[in-house]
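First up is the structure itself, then whatever we jot down about it.
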Amino acid sequence: MSELIYYDLKRAPTMSPSLSVQVARELGRRIVSGAFEPGSLIDDEAALAERYQVSRVVVRDAVKILVGKGLLDVRRGIGTKVRPRNQWILLDDDVLAWHLSAPPNPAFLKQLMEIRLAFEPKASRWAAERATPEDLAEIEAACNRMAEERGSAEDFVIADSMFHRAIIKAARNSILTAMEGVIYSALLVSIRVTNKDPRENGASVPFHREVYEAIAAGDGDKAERLTDNLLRDTSRRLSLEESAA
């Protein structure tokens, strides 16, 4: 799954990134993938400028971007060092997106699923209590789109993401909405692990439709329970795939 899908789901601006942003993305992807290990020094300013065919000013600005995301630490007389993973701003949109260009990280994916389990069942309960007719129509439309997308894992996961986004929107909690990137990242990474055959896409649609119907009926208890079951099934399948790998 391309990280561009993540940015599309987040409705990020589509203007061409500056050179410094492009260099920051290249370095960020390498850090997240483990090519630069925590505690290691990255190449110096001159070497990076030569590699990416940009000026030192561009490299300096790119490093500042990554410092702001917690990935790098600049020490005069020592160099630029990759910070420990526990100091990264993991909920940053770019950091979440860069995980899509890296090999799947089982530990990180497990943590993403734990966050989803902690918040999404409650979001479904709140949606059942607070959803407007327009919200319900949006959730149903996403569910219908999932049912129609049988030939492409990419299109299916976009529809799946829209389903969960519509529920979060219907929950009417701005803090929860700010965390929707976790859901997109978890879905896009997990689909690479669990869904290798697009023909299997439709298997989860009935379970999503049950969640929608519970929300539409205003049954918060049932909506919460069904969402919890849905996510736990995903976690189980991820564990099975990890064990088989």
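This structure is a prediction, so every number in the text was calculated from the model and none was measured.
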With heavy-atom distances below 4.5 Å as the criterion, would you say the side chains of [X] and [Y] are in contact?
{"X": "N173", "Y": "K122", "result": "no"}
{"X": "S33", "Y": "S101", "result": "no"}
{"X": "F36", "Y": "L27", "result": "yes"}
{"X": "I31", "Y": "W98", "result": "no"}
{"X": "K222", "Y": "L226", "result": "yes"}
{"X": "I215", "Y": "I167", "result": "yes"}
{"X": "I183", "Y": "I115", "result": "no"}
{"X": "Y184", "Y": "L96", "result": "no"}

Enter the distance from [X]:[atom1] to [Y]:[atom2] here, rounded to the nearest 0.5 Å.
{"X": "L176", "Y": "I168", "atom1": "CG", "atom2": "CD1", "value": "5.0 Å"}
{"X": "K81", "Y": "L72", "atom1": "NZ", "atom2": "CG", "value": "12.0 Å"}
{"X": "S235", "Y": "L230", "atom1": "OG", "atom2": "CG", "value": "10.0 Å"}
{"X": "E3", "Y": "L100", "atom1": "CD", "atom2": "CG", "value": "6.5 Å"}
{"X": "I158", "Y": "I5", "atom1": "CD1", "atom2": "CD1", "value": "4.5 Å"}
{"X": "R51", "Y": "E26", "atom1": "CZ", "atom2": "CD", "value": "10.0 Å"}

Testing the 3.5 Å rule here: is there a donor-acceptor pair between the side chains of Y6 and D93?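 The criterion, which ignores hydrogens and geometry beyond distance, is satisfied for D93 and Y6.
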
Which heavy atom in [X] sits nearest to a heavy atom in [Y], and how many Å separate them?
{"X": "P121", "Y": "L231", "answer": "CD-CD1, 4.1 Å"}
{"X": "A62", "Y": "S20", "answer": "CB-O, 3.3 Å"}
{"X": "A171", "Y": "A123", "answer": "CB-O, 3.6 Å"}
{"X": "M162", "Y": "A142", "answer": "C-CB, 3.8 Å"}
{"X": "A24", "Y": "L66", "answer": "O-CD2, 3.6 Å"}
{"X": "P17", "Y": "Q22", "answer": "O-NE2, 3.1 Å"}

Let me check something: do L91 and V67 share a hydrophobic cluster, defined by ILVMFWY side-chain heavy atoms less than 4.5 Å apart, either directly or through other members? yes

Cluster question for you: counting only ILVMFWY and a side-chain heavy-atom cut-off of under 4.5 Å, with indirect links fine, are V59 and V74 together? yes

Walk me through it: do D92 and K69 pass the test salt bridge (Lys or Arg N to Asp or Glu O under 4.0 Å)? CA-CA 7 Å; D92 178 271; K69 298 178 186 297; 3.0 Å; yes

Would F156 and S204 count as a side-chain contact (heavy atoms from CB on, under 4.5 Å) here? Give the steps. CA-CA 11 Å; F156 182 82; S204 69; 3.6 Å; yes

Under 6.0 Å from the ring centre and within 45 degrees of the ring axis: does the NZ or CZ of R25 meet both conditions for the six-membered ring of Y7? yes

Indicate yes or no: does R172 engage D135 in a salt bridge with an N to O separation below 4.0 Å. yes

As a test of understanding, state which of T227, D221, D219 forms a side chain to side chain donor-acceptor pair (under 3.5 Å) with R125.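 When side chain to side chain donor-acceptor pair (under 3.5 Å) is applied between R125 and each of T227, D221, D219, only D221 qualifies.
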
Fit a plane to each ring of H99 and F108, take the angle between them on a 0 to 90° scale, and name the class: parallel (under 30°), tilted (30 to 60°) or perpendicular (over 60°).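 Ring orientation, 0 to 90° scale: parallel.
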
Please indicate whether K169 has more than 12 foreign heavy atoms, meaning atoms of other residues, nucleotides or ligands, lying under 6.0 Å from its NZ.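 No, NZ of K169 has 12 or fewer neighbouring heavy atoms, counting only those of other groups under 6.0 Å.
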
Should the heavy atoms of other residues, nucleotides or ligands under 6.0 Å from CD of E37 be counted, would the total exceed 12?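 At most 12 heavy atoms, drawn from other residues, nucleotides or ligands, come within 6.0 Å of this atom.
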
Using a side-chain heavy atom cutoff under 4.5 Å and only I, L, V, M, F, W and Y, what cluster partners does I65 have? V21

Salt bridge (Lys or Arg N to Asp or Glu O under 4.0 Å) between D228 and R225, intermediate numbers included: CA-CA 5 Å; D228 186 85; R225 183 178 71 255; over 6 Å; no

Residue pairs meeting ring pair (Phe, Tyr, Trp, His ring centres under 6.0 Å), one or both in residues 157-176, sequence neighbours left out, come to F163-H208, H164-H208

Quick one: does S185's side chain have a donor or acceptor within less than 3.5 Å of a partner on G181's backbone?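 Absent.
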
Does I42 form a side-chain contact (heavy atoms from CB on, under 4.5 Å) with R30? I'd like the steps, not just the answer. CA-CA 10 Å; I42 68 170; R30 297 187 69 190; over 6 Å; no

CA sep, side-chain torsions, deciding dist, call: E134, E138, side-chain contact (heavy atoms from CB on, under 4.5 Å): CA-CA 6 Å; E134 291 77 14; E138 189 173 345; over 6 Å; no

